[in-house]
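Accompanying notes for the structure given below.
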Amino acid sequence: MSSSTSVRTARRRTVRVAAAALVAAAGLTLTACAGSDAADARSAGRTNTGAAASESTASGWSGLQSTDAKADVLGKQSGGAHAAKAASPVRTQRLADGISKAEIYRLGDQHYRAKIVARGSVLATLETKGHDAGLDANDMFVTLTLDGQVHSWMGGGHQGPGTFKLAGGWTAKVTKVGELRYRAQIIGHDGVAATLETNQHDAGLDANGIYIVLSSGGVISAHA
C-alpha cells in the first residue's frame, strides 16, 4: 500500500471515530435531557400532588378530587352515622287505639323519627325537622314533638274550613288554600299564637301542652 493511500485510510478512520464520538455525545446529551425532563416532570408531579393533597386536607377532603366524590363520601359517612344512631329505637310506646305502637328514634338534636307500627307493618312515619309533626291515622291523632315525645288520642276532630274551639282555650281558624292544603291559625287570648299548614301531608303542634293535629283533608283535633 502506498503512503498516500495509508494517509487517506487513516483520515477516514479518524472521521468515523469522530462521528461515532459525536453520536455518543449526542446520545448522552439526549439521555441527560430526558432524565432532566423526567426528573422535572416527577418533581412537578410531586409538587402538584402535594399542593392538591394540601388543598384537599385543608378542606377536610384528603384524596377527593371532585364535588360528586365528596358528596358521595359525605352521604355514606352521614348515612352511616344516622344508621348507627337510628339502628334501634330509644323507646317504644303504645298508642291510643290499643293496637299500634310508635317506635321513636333519635336522629340528632331536636331531630326525631317515629314509626307507627301495627302487626309488624310500618303504617306511617313522623319526623321532626325544626318543628313538631302530626298525623291523622283514621281518626287517631298522633303528635311527635321536637324533644321526641309522642302523644296520641282518639276522635275530637273538626272538619274545616271553619272556626273551632279547641282544648286549652285555643281557637282554630281553618281555611283551605289549595288541593290537600289547609291552614289553621291557632288563636289565644293575645291573638294568633301559631300557624299550622299542610302541604299534602298532615301537620302537628305542641301548643304549651295542648297537642294539635291538622290533616291534609282539613280535619283539626286537639288534646291536652
Side-chain angles (χ1 to χ4, degrees), residues 75-76 78-162 164-168 170 172-186 193-224:
K76 290 177 182 176
S78 62
H82 286 170
K85 290 179 181 178
S88 59
V90 293
R91 71 180 185 281
T92 300
Q93 180 177 328
R94 186 68 62 182
L95 298 180
D97 63 357
I99 300 172
S100 56
K101 62 182 180 179
E103 295 179 350
I104 300 111
Y105 300 80
R106 187 178 188 275
L107 305 181
D109 188 28
Q110 294 190 331
H111 190 182
Y112 286 84
R113 178 180 296 144
K115 294 181 181 180
I116 310 303
V117 180
R119 299 183 179 92
S121 298
V122 177
L123 305 180
T125 300
L126 290 168
E127 187 168 335
T128 63
K129 291 182 178 179
H131 54 74
D132 303 326
L135 173 69
D136 176 2
N138 295 327
D139 209 36
M140 179 179 71
F141 299 91
V142 185
T143 60
L144 175 65
T145 64
L146 284 171
D147 59 355
Q149 300 302 309
V150 168
H151 300 268
S152 65
W153 65 95
M154 300 296 297
H158 305 278
Q159 177 63 61
F164 311 99
K165 292 291 184 181
L166 302 180
W170 296 104
K173 182 179 180 181
V174 180
T175 55
K176 185 174 183 178
V177 294
E179 186 64 27
L180 295 178
R181 292 191 64 181
Y182 284 82
R183 180 180 297 130
Q185 292 181 313
I186 309 303
T195 299
L196 281 172
E197 186 165 332
T198 67
N199 187 4
Q200 298 186 359
H201 57 78
D202 303 339
L205 175 68
D206 174 4
N208 295 333
I210 304 299
Y211 304 98
I212 305 171
V213 170
L214 175 66
S215 78
S216 58
V219 175
I220 192 164
S221 181
H223 192 265

**Request:** Begin from the C-alpha positions of I186 and I220 and carry the test side chain to side chain contact (heavy atoms under 4.5 Å, CB included) through to its verdict.
**Result:** CA-CA 11 Å; I186 309 303; I220 192 164; 4.3 Å; yes
**Message:** Walk me through whether L196 and I212 qualify under side chain to side chain contact (heavy atoms under 4.5 Å, CB included).
**Reply:** CA-CA 9 Å; L196 281 172; I212 305 171; 3.8 Å; yes
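With sequence neighbours left out, R91 forms a salt bridge (charged side-chain N to carboxylate O under 4.0 Å, His left out) with no residue at all. Looking at residues two or more places apart in sequence or on another chain, you find no ring pair (Phe, Tyr, Trp, His ring centres under 6.0 Å) involving Y112. Among residues two or more places apart in sequence or in another chain, the salt bridge (charged side-chain N to carboxylate O under 4.0 Å, His left out) test is passed with E127 by R113.
Listed here is the closest heavy atom pair of A224 and A167: N-CB, 4.4 Å. Considering every non-hydrogen atom in both T198 and S216, the closest pair reads OG1-CA, 3.7 Å. Across all their heavy atoms, W170 and A193 have their closest contact at CZ3-CB, 3.6 Å. The two atoms that bring D202 and G134 nearest to each other are CB-O, 3.4 Å, heavy atoms only. The shortest heavy-atom contact between T92 and P89 is OG1-CG, 4.1 Å. The minimum heavy-atom distance between A114 and V150, with the atom names listed, is CB-CG2, 4.3 Å.
In this structure the side chain of V174 never reaches within 4.5 angstrom of the side chain of Q159, judged on heavy atoms. A heavy-atom distance below 4.5 Å is found between the side chains of P161 and Y182. The closest side-chain heavy-atom distance from D206 to H151 is not below 4.5 Å. T125 is not listed as a side-chain neighbour of Y105, based on a closest heavy-atom distance of 4.5 Å or more. No side-chain heavy atom of R106 sits less than 4.5 Å from a side-chain heavy atom of H111.
To the nearest 0.5 angstrom, T143 atom OG1 is 10.5 Å from H223 atom NE2. For the atom pair F164 CZ and K173 NZ, the distance stands at 12.0 Å (nearest 0.5 Å). A distance of 7.5 Å separates OG1 in T128 from CG in L107, rounded to the nearest 0.5 Å. Residue K101 holds its NZ atom at 11.5 Å from CD1 of I116, rounded to the nearest 0.5 Å. Here the CD-OG1 distance, from Q110 to T145, works out to 9.5 Å after rounding to the nearest 0.5 Å. Note that the CG atom of L205 and the NE2 atom of H131 stand 11.0 Å from one another [nearest 0.5 Å].
Looking only at distances, no side-chain donor or acceptor of S100 sits under 3.5 Å from a matching main-chain atom of L95.
Partner of L126 under the side chain to side chain contact (heavy atoms under 4.5 Å, CB included) criterion, out of L144, I104, D132: L144 alone.
Surrounding CG of N138 are at most 12 heavy atoms belonging to other residues, nucleotides or ligands under 6.0 Å away.
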